[in-house]
Number of protein chains: 2
Amino acid sequence: MELRQLRSLVTLADSGFSVSRAAQQLHLVQPAVSQHLRLLEAALGTPLFLRHGKRLVGLTEAGQQVLRHARSVLAEVGNIVAVGRDHVEEARGVLRIGTTHTQARYVLPPVLIAFKRAYPEVEVQIHQGTPAQLVEMALADRVDLAVCTEAVGEHDALITLPSYRWNRCLITTPGHPLLQRRPISLGALCEYPMITYVFGFTGRTSLSQTFAKVGLHPRVVLSAADADVIKTYVRSGMGIGIIADLAFHTEHDRDLERRDLSHLFPWEVTRVAYPRGKYVRRFQQRFIDLFQQQADRIGRGWGAGRLGAVVAEP
Amino acid sequence: MELRQLRSLVTLADSGFSVSRAAQQLHLVQPAVSQHLRLLEAALGTPLFLRHGKRLVGLTEAGQQVLRHARSVLAEVGNIVAVGRDHVEEARGVLRIGTTHTQARYVLPPVLIAFKRAYPEVEVQIHQGTPAQLVEMALADRVDLAVCTEAVGEHDALITLPSYRWNRCLITTPGHPLLQRRPISLGALCEYPMITYVFGFTGRTSLSQTFAKVGLHPRVVLSAADADVIKTYVRSGMGIGIIADLAFHTEHDRDLERRDLSHLFPWEVTRVAYPRGKYVRRFQQRFIDLFQQQADRIGRGWGAGRLGAVVAEP
DNA sequence: CGTTCTTACGTGTGTCGTAACGATC
DNA sequence: GATCGTTACGACACACGTAAGAACG
């Protein structure tokens with residue numbers, strides 16, 4: 001059995017069982033990949049593929065089991081080359097971060113500036129996506145680290161490091177009648193058209209649940225993926241806004257009124273996640289450290305002491 | 001990077017950093033292994049080995065990390081071939097069981113008879129050892145399954161399936177004065193010279209602790225690794241014996257008196273263990289099932305219902 | 001008839017074994 | 001000087017690419 005053969009198997013499965021496409025992706029010609037698959041089958045002595053004539057259309061039970069283990073093998077091989085790179089050129093490489101708009105816009109900038117100062121040679125890529133997409137990206141090794149709030153944390157194939165907690169605030173145009181209510185209640189919020197995040201995004205799920213739990217149903221006239229869009233429509237008088245507290249800029253948003261709503265909604269926890277068993281390069285670890293420090297600076301960090309212990313887990 | 005190279009690395013580390021011995025173990029000549037190691041280093045671009053002149057004497061930090069991941073790779077490759085074998089010749093292979101004397105002598109026989117009936121083509125090997133050795137054997141893949149009571153269960157690199165619980169009994173020559181005491185107390189036991197298991201064997205550790213906890217120190221005049229030896233010396237009048245209850249044969253040991261002691265000592269749990277992440281072949285799974293059934297038959301089994309869930313864990 | 005995989009064949013790389021040399025205890 | 005490792009070299013194997021052929025829609 002050879003690594004090439006396992007690579008061909010995995011690539012085949014990932015490309016919808018098209019040998020040609022797999023070959024293309026592997027920078028090989030198609031007969032080579034065919035041979036890999038044939039030799040792998042021969043080496044194991046049992047059919048791995050379901051065939052329609054000559055076409056491969058799926059995996060036998062044995063094939064599925066082999067595929068799972070083959071992925072592990074290749075993941076570990078990837079870890080080995082990562083170890084190598086880490087010692088050859090500690091300060092060079094690519095850091096692929098998957099995150100939501102909110103993080104990218106309001107939390108990551110200072111972290112990335114600090115990181116760039118420490119590792120000027122590391123190329124940083126920011127890939128945006130929904131929390132669900134981020135989980136999938138992390139698991140498929142399309143990003144190195146996922147930074148987000150929802151969805152992550154349930155998948156036990158991911159190691160997640162709680163970083164900081166946050167809650168929502170209300171934003172309105174100045175002089176809005178709602179500002180007079182003290183304290184502001186869930187019911188009061190429902191009296192006005194609301195603008196907030198898209199479902200499944202930046203705490204929207206638990207926000208909706210909070211209303212639903214007491215039988216309230218806010219009239220959401222617009223939902224957006226990021227706070228900037230929400231602010232824009234709040235400014236235009238379309239309704240009141242509920243956004244992550246940290247998305248409010250005291251300077252730039254001087255034309256809006258803000259009220260804390262942390263007494264109404266559960267606290268959300270933003271985490272850094274990466275696949276269990278994956279080797280974390282030093283500069284990646286450094287990024288995580290910087291992110292946690294930034295979290296502490298926001299004042300709602302998870303504390304720095306415990307970080308080491310959690311990170312040492314794998 | 002090639003699997004050969006990783007194999008050479010792992011074998012080198014396992015043979016005390018002797019390239020010649022590693023080569024011998026791999027059925028290769030030394031220059032071949034030397035080349036593997038050199039190419040691996042070259043592929044990763046960083047030194048992996050500490051050298052005294054030409055001799056390899058250890059691993060660099062990078063080398064140690066690579067070694068860990070290389071072991072994972074080879075373990076997964078092993079799993080792949082195991083999957084293959086399982087589908088090619090489901091009922092053929094080798095089942096290597098590591099266990100203590102007590103299990104081998106008093107618990108396993110009926111299980112193995114049933115197993116042999118189900119899988120006559122499978123070669124069964126019984127390797128005896130101390131619980132600590134068994135853990136090491138399981139982790140080093142020198143046995144497939146470890147069946148024992150102590151030590152196992154703490155190592156979280158092992159998956160352990162609780163199978164049955166047992167306690168001790170007292171054995172004496174007929175007419176021994178101790179038999180009159182009802183109930184028998186820890187203090188009473190200490191009045192006579194005692195013969196029991198060697199420390200770290202078959203529940204001896206927690207037995208000693210039970211005495212120590214109440215400030216008692218039994219006079220152990222002889223300690224042995226198995227109940228047969230203990231019985232022999234009890235028969236010769238050397239002292240009273242404390243053995244695992246299931247080691248008492250109502251027929252063969254008619255010349256000895258037995259008293260249950262489960263009111264004095266904690267219950268022990270015997271487990272089946274195998275390395276986490278290791279593929280369990282079908283006949284191995286079948287053996288585990290049979291063992292659990294036997295445990296139920298003894299009457300102190302852990303119940304069969306939960307077994308499936310635990311087994312499904314990996 | 002294009003797409004897709006297989007078979008056949010040649011070339012070049014590379015792996016392993018043999019053999020001779022160097023280093024270390 | 002015996003052991004252990006490296007270097008050198010040749011034979012064999014094999015992996016990949018090219019090219020032509022067969023099945024499928």
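Source: prediction; values computed, not measured.
Distance, A:Arg51 CZ to C:dT4 P: 18 Å, rounded to whole Å. Summarising the geometry, the separation between CD on A:Gln30 and P on C:dT7 is reported as 11 Å, rounded to the nearest angstrom. Atom CZ of A:Arg21 is separated from atom P of C:dT3 by 13 Å (rounded to the nearest Å). One atom, CD of B:Gln35, and another, C1' of D:dG5, lie 14 Å apart when rounded to the nearest Å. Taking atom CG on B:Leu26 and atom P on C:dG17, their separation rounds to 11 Å, with Å as the unit. Here D:dA15 presents its P atom at 7 Å from CD of A:Gln5, a figure rounded to the nearest Å. Distance B:Gln24 CD to C:dC16 C1': 17 Å, rounded to the nearest Å. What separates CZ of B:Arg38 from C1' of D:dT7 is a distance of 8 Å, to the nearest Å.
Of all nucleotides listed (C:dT15, D:dC16, D:dA19), D:dC16 comes nearest to the side chain of A:Arg4.
Here A:Leu39 lies in heavy-atom contact (under 4.0 Å) with sugar-phosphate atoms only. Residue contacts shown for A:Leu56 are absent, as no nucleic acid heavy atom lies under 4.0 Å away. Residue contacts for A:Val29: at a heavy-atom cut-off of 4.0 Å it reaches a base atom on one of the strands shown. The residue A:Glu2 sits apart from the nucleic acid: no heavy atom pair falls under 4.0 Å.
At the phosphate of D:dG5, neither OP1 nor OP2 sits under 4.0 Å from any side-chain N or O atom of B:Ser34. An OP1 or OP2 oxygen of C:dC5 is reached within less than 4.0 angstrom by a side-chain nitrogen or oxygen of A:Ser20. Contact between the side-chain N/O atoms of B:His52 and the OP1/OP2 oxygens of D:dC4 is not found at any separation under 4.0 Å.
Side chains of A:His155 and A:Arg276: no donor on one and acceptor on the other come within 3.5 Å.
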Does B:Arg68 form a salt bridge (Lys or Arg N to Asp or Glu O under 4.0 Å) with B:Glu61? I'd like the steps, not just the answer.
CA-CA 11 Å; B:Arg68 270 197 295 278; B:Glu61 192 201 343; over 6 Å; no
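Both A:Arg55 and A:Ala32 lie near DNA chain D, and the one whose nearest nucleotide falls closer to the 5' end is A:Ala32. If you find the closest nucleotide of DNA chain D to B:Ser18 and to A:Leu28, the one lying nearer the 5' end belongs to B:Ser18.
Shortest non-hydrogen contact noted between B:Asp228 and B:Asp226 is N-OD1, 3.1 Å.
A salt bridge is defined here as a Lys NZ or Arg NE, NH1 or NH2 lying under 4.0 Å from an Asp or Glu carboxylate O, and B:Glu90 with B:Arg286 fails to meet this definition.
Using a 4.5 Å cut-off on side-chain heavy atoms (C-beta onward), A:His36 and A:Arg7 make no contact.
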